[in-house]
Amino acid sequence: MVLTRTDLPKSIRIGEKDYLIKTDFRTWIKFEVMLQDDEIPDEFKTYLQIRLLGNNDLLNEDMESVQNALFSFYRLDQPIRKAAKTSNDKPYSFEVDMPWIYAAFREQYQIDLLTADLHWWEFKAMFDSLSGDTMFGKIMSYRTADLSKMSESMRKEMAELKAYWSLDSGYEDQRDPYEIEAELLANVKR
């Protein structure tokens with residue numbers, strides 16, 4: 001398959017109907033931030049996400065179907081995969097890490113995220129492929145390091161790095177997006 005920019009979806013499908021949505025990566029970063037924001041009650045998140053994505057016609061659809069379609073788009077239409085978790089520590093936060101994410105995109109791809117015109121799927125594919133050699137890659141490895149598999153001398157140094165770069169500042173949601181998705185879908189079914 002040859003992939004071109006015109007192949008990237010601009011809509012989500014619910015039943016037999018397609019709904020145009022905003023696909024810019026900045027919008028979907030806000031979507032993820034909103035998803036993880038415990039200050040927003042779950043029953044309002046879907047409504048706010050629909051408003052964010054710019055198609056209020058979605059409000060007329062079954063909310064469970066809307067959520068399923070939104071999460072499918074968010075996951076690049078990929079199935080939910082159970083990854084072998086090596087750490088319970090959250091590897092990144094768009095809110096906290098954007099300076100390092102910006103620098104990593106400049107370093108690895110020569111892309112200026114301040115002016116880039118990227119579809120969410122383009123951004124996410126590149127984001128997930130960022131090298132561990134970038135500062136952002138190193139920060140994520142510090143946060144998720146398994147200290148139990150290190151020598152004592154290395155464990156002490158890595159524990160300090162892990163503590164320094166930790167996102168555990170009290171306001172970050174430690175659940176991954178798939179856990180949040182499942183919780184939101186469970187709330188809609190009630």
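Start at 1 with the first residue, then count along the sequence. Side chains are part of it too, since the values below use all heavy atoms of this structure and drop only hydrogens, waters and symmetry mates.
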Using the ring centroid of each side chain, check whether [X] and [Y] are separated by less than 6.0 Å.
| X | Y | result |
| --- | --- | --- |
| Phe123 | Phe105 | yes |
| Phe25 | Phe127 | no |
| Phe73 | Phe31 | no |
| Trp28 | Trp121 | no |

Salt-bridge present ([X], [Y]; N to O < 4.0 Å):
| X | Y | result |
| --- | --- | --- |
| Lys156 | Glu160 | yes |
| Arg26 | Asp24 | yes |
| Asp18 | Arg13 | yes |

Between CG of Leu161 and OG of Ser141, what distance do you get to the nearest 0.5 Å?
8.5 Å
What I'd like to find out is whether the side chain of Phe44 reaches to under 4.5 Å of the side chain of Pro41, using heavy atoms alone.
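SC-SC contact between Phe44 and Pro41 confirmed.
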Counting only pairs under 3.5 Å, give me each side-chain donor-acceptor contact of residues 52-59, with atom names and distances, residues two or more places apart or in other chains.
unit_1 : atom_1 : unit_2 : atom_2 : d
Asn55  : OD1    : Asp57  : N      : 3.0
Asn55  : ND2    : Leu20  : O      : 2.9

So which heavy atom on Pro91 is nearest to which on Met140, and how close?
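For Pro91 versus Met140, the nearest heavy atoms are O-CG, 3.1 Å.
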[X] side chain to [Y] side chain, donor-acceptor N/O pair below 3.5 angstrom:
| X | Y | value |
| --- | --- | --- |
| Asp77 | Ser72 | yes |
| Ser166 | Asp168 | no |
| Lys90 | Gln36 | yes |

Give every residue pair that meets the salt bridge (Lys or Arg N to Asp or Glu O under 4.0 Å) criterion with at least one member in residues 100-109, sequence neighbours excluded.
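Of all non-adjacent pairs touching residues 100-109, those that pass salt bridge (Lys or Arg N to Asp or Glu O under 4.0 Å) are Arg106-Asp112.
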Tell me if a side-chain donor or acceptor on His119 pairs with a main-chain N or O of Lys10 at a distance below 3.5 Å.
no
Around atom OH of Tyr47, are there more than 12 heavy atoms of other residues, nucleotides or ligands at under 6.0 Å?
no
